[in-house]
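Read through the structure below, which is laid out as structure tokens, and then see the notes.
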Amino acid sequence: MKKLLAIASLLFFIVLGGCKKMVDEVPLSDGTLDLFFRNRFDADAAMAGMYGAFQTTMIGESQFNNRITYWGDARADNMMNNIQNNISNEIHFNSLTPSNTYADWGPLYTIIGRANLNIAKFPEINNYAKVAERISDATLNSYLAQCHAMRAMCYFYILRVWGDAPIWTTPYLNVSENPARPRAPKTEVRAQIIADLEKAYALTAKGATSNAWYIGEGAIAAMLADVYMWRSHDDAIMPDYANAITWFKNVFKAKGPTGRVYNASGTVATGSGGAAADLASTADWKLIFTNPAANLESIWVIHWDVAANGCPCMMGVSTTVNLSSMRTDRVLYTGAASWLRAGLDTRAKQSIDSSKSDNFDRVLKWYGPSGYTNARSTYMTRSQADAAVGINKPVYIPVYRISDVFLLYAEALNKTGDRANALRYLNLVRQRATLAPYTAAQLTTEDQMEDALLAERRSELFAEGKRWFDLVRTHKVAQYMDQMLRERQLAAGSAQTGWGTDKRRYLWPLHRNVLNANPSLVQNPPYSE
């Protein structure tokens, strides 16, 4: 154990790609390199280091640093500012600057650096290892697949948040190599993502029961489908629905953590398949988040172990004794027709604190003691849940799960003219939440169906880091955010300019530290240096 911890600690310093907040990866000396990847135990430690970096980046190395929320929810209509500070105000009023903490892509390049090192060095392990300590071909292929997929996931975040980006696919091992690379066009970044994921899929064993905590067959296919669904702000990247549908079907034929195929009948023909039995039941919806390792819906889930990592204390998401700079937007609470007050959707009171009795984060989605009841009359408030289980509880956040995939698949079906099957997949998720199904007469156009899918995804995937990317992908940011921003500006006594028409603001600026550390980079317009 001490050896694994030592290796993991040393790896951290080796691939500290976020140092100075840029893409540089600290070079290794020849002597240091000889110490690494000498046996399968070293590979195990390196894999733990890569996943640990992703977990820390997304959920936070300190209080309120959960980037999965800042990048995927905070700029959309799920969140609002709670404490007046530069970070939250910039997000709240769509006035981002290069000084915003979350404009820094360094942590993602740290993970990429670890993946690059693993990909380069794992195949050499058996050149050094004793026979009993060698890495098997199956394990090697599995590890390499996960590393390629993890690198792709990080580049996919970079693509969606910043657009153009430097591409690193090899470890930085030589001080004579120039670490200051320019940004590659977003089309090249996307091509690299797809190449990595196709390589990962080819290396991954098919038909195996997945482990919810690791990237497997279903997760790789889900990523590829998601990438093919992506549309950039300037339409330089357009959705490829045909390829997306192919990869959705590959998700459907994979096995979840219970050993059940996700959607066996959905692989037969486009639009076919999909049944209530493919989803967690209404009564078990909460278990998607409290016990994902045993839930048929899980595909890939981030595991935050409180015993090892401390309180997750996520901004706007988890319980904490301190005030978060951002919180759930009040629109979800106020008015008789609000998501919480309408009282029809079973997900609402399982997701956010129904008491509205304090000024904290007010999200319960990840929490709930064993025996947590799903009867609407007996939902716990956040404070009651704290009293029952305490703040220190593991947090499990899905990166992908099957209802997410079903709704994204319905979007692709809708865009390819199959509104009937899009409606069926939409209603599978909707009826699970005890809402009345839509009829074909209610959704007669492609745009009406898309809006219904966006609304369903907002409720089903609330706080899972999806909402902002959904609005950007469908180019509906202004439609959903303009009036909200005008109301915020009015309340602040500012000019009511709303969202505006400049789609370049879909992207984040590059942080000043990133620009200072790499003179080859150019700031995203229209942001100033």
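In what follows, every heavy atom counts, from backbone to side chain, and hydrogens, waters and symmetry copies are set aside.
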### Message
Is the ring pair Trp71/Tyr157 parallel, tilted or perpendicular, if the boundaries are 30 and 60 degrees?
### Response
tilted

### Task
Identify the two heavy atoms, one from Leu408 and one from Met229, that lie closest to each other, and give their separation to 0.1 Å.
O-CE, 3.7 Å

### Task
Verify the ring-centre separation between Trp213 and Tyr396: is it less than 6.0 angstrom?
yes

### Query
Only one of Asn427, Leu423, Leu426, Leu428 clears side-chain contact (heavy atoms from CB on, under 4.5 Å) with Pro437; which?
Asn427

### Query
Atom CD in Glu61, atom CG in Asn66: separation rounded to 0.5 Å?
10.0 Å

### Minimum side-chain heavy-atom gap Tyr438-Arg430 below 4.5 Å
yes

### Query
Which class fits the ring pair Tyr506 and Trp499: parallel under 30°, tilted 30 to 60°, perpendicular over 60°?
tilted

### Heavy-atom donor-acceptor pair, Arg467 side chain to Met79 backbone, under 3.5 Å
no

#### Entry: Within 45° cone and under 6.0 Å: Arg458 NZ/CZ vs Tyr480 ring
no

#### Entry: Close aromatic pair by centroid cut-off 6.0 Å: Tyr102 and Trp468
no

### Message
I want to check a possible cation-pi pair here: Arg347 against Phe462, using under 6.0 Å from ring centre and within 45° of the ring axis as the test.
### Response
no

### Query
Can we say Arg401 and Glu460 salt-bridge, meaning some charged N sits less than 4.0 Å from an Asp/Glu carboxylate O?
yes

### Task
Look only at the side chain of Arg505 and the backbone of Ser95, and say whether a donor-acceptor pair between them is shorter than 3.5 Å.
no

### Message
Under 3.5 Å, is there a donor on one side chain and an acceptor on the other for Arg183 and Asn518?
### Response
no

### Query
Can Ile167 and Val189 be said to form a side chain to side chain contact (heavy atoms under 4.5 Å, CB included), step by step?
CA-CA 7 Å; Ile167 298 175; Val189 179; 4.3 Å; yes

### Message
Treating Asn516 as the side-chain partner and Arg512 as the backbone partner, does any N or O pair qualify as donor plus acceptor under 3.5 Å?
### Response
yes

#### Entry: pair Leu521-Pro166: side-chain heavy atoms closer than 4.5 Å
yes

#### Entry: Minimum-distance pair of heavy atoms, taken over all atoms of Met150 and Trp300
CE-CZ2, 4.0 Å

### Message
Quick check: closest heavy atoms across Asp234 and Lys186, and the distance to 0.1 Å?
### Response
OD2-NZ, 3.2 Å

### Query
Can you check whether Arg190 reaches Tyr228 side chain to side chain, under 4.5 Å on heavy atoms?
yes

### Task
Write down the atom of Lys286, the atom of Gln350, and the distance for their closest heavy-atom approach.
NZ-O, 3.0 Å

### Message
Parallel, tilted or perpendicular: which one describes the rings of Tyr109 and Trp105, with boundaries at 30° and 60°?
### Response
perpendicular

### Query
If we ignore angles and hydrogens, is there a donor and acceptor under 3.5 Å between the side chains of Asn263 and Tyr425?
yes

### Task
Kindly indicate, with the supporting measurements, whether the criterion side chain to side chain contact (heavy atoms under 4.5 Å, CB included) is fulfilled by Met314 and Trp304.
CA-CA 11 Å; Met314 296 181 290; Trp304 186 272; over 6 Å; no

### Query
Any donor and acceptor pair, going by atom type alone, linking the side chain of His475 with main-chain N or O of Ser232 inside 3.5 Å?
yes

### Message
I need the minimum non-hydrogen distance between Phe469 and Gly72, along with the two atoms involved.
### Response
CE1-CA, 4.0 Å

### Task
Decide whether a cation-pi geometry holds between Arg151 and Tyr155; the criteria are a distance under 6.0 Å from NZ or CZ to the six-membered ring centre and an angle within 45° of the ring axis.
no

### Task
Kindly determine whether Asn85 and Ser88 satisfy side-chain hydrogen bond (donor to acceptor under 3.5 Å, both in side chains), including the steps that lead there.
CA-CA 6 Å; Asn85 61 35; Ser88 62; 2.8 Å; yes

### Task
Apply the test side chain to side chain contact (heavy atoms under 4.5 Å, CB included) to residues Asn250 and Leu224: give CA-CA distance (whole Å), side-chain angles for both, the deciding distance (0.1 Å), then the verdict.
CA-CA 10 Å; Asn250 285 335; Leu224 270 161; over 6 Å; no

### Query
In terms of side-chain heavy atoms, does Asn86 have a donor or acceptor partner in Glu90 at a distance below 3.5 Å?
no

### Task
Under the salt bridge (charged side-chain N to carboxylate O under 4.0 Å, His left out) rule, collect the residues that match up with Lys249, sequence neighbours excluded.
none

### Neighbour count >12 (heavy atoms, 6.0 Å) for atom CG, Asp447
yes

### Query
Cut-off 3.5 Å, side chains only: do Ser62 and Asn65 have a donor facing an acceptor?
yes

### Message
Under a 3.5 Å threshold, yes or no: a donor from one side chain and an acceptor from the other, between Ser520 and Arg181?
### Response
no

### Message
Treating Thr444 as the side-chain partner and Ala441 as the backbone partner, does any N or O pair qualify as donor plus acceptor under 3.5 Å?
### Response
no

### Task
Mind listing the closest non-hydrogen atom pair of Thr328 and Met80 along with its distance?
O-CG, 3.9 Å

### Query
Less than 4.0 Å between a side-chain N and a carboxylate O, is that true for Asp329 and Arg488?
yes

### Query
Is Glu464 paired with Arg457 through a side-chain N to carboxylate O contact shorter than 4.0 Å?
no

### Side chain to side chain, Ile91 and Leu96, heavy atoms closer than 4.5 Å
yes

### Query
Using 4.0 Å as the upper bound for N to carboxylate O, is an ion pair formed by Asp470 and Arg473?
yes

#### Entry: Asn524 and Trp162: side chain donor to acceptor below 3.5 Å
no

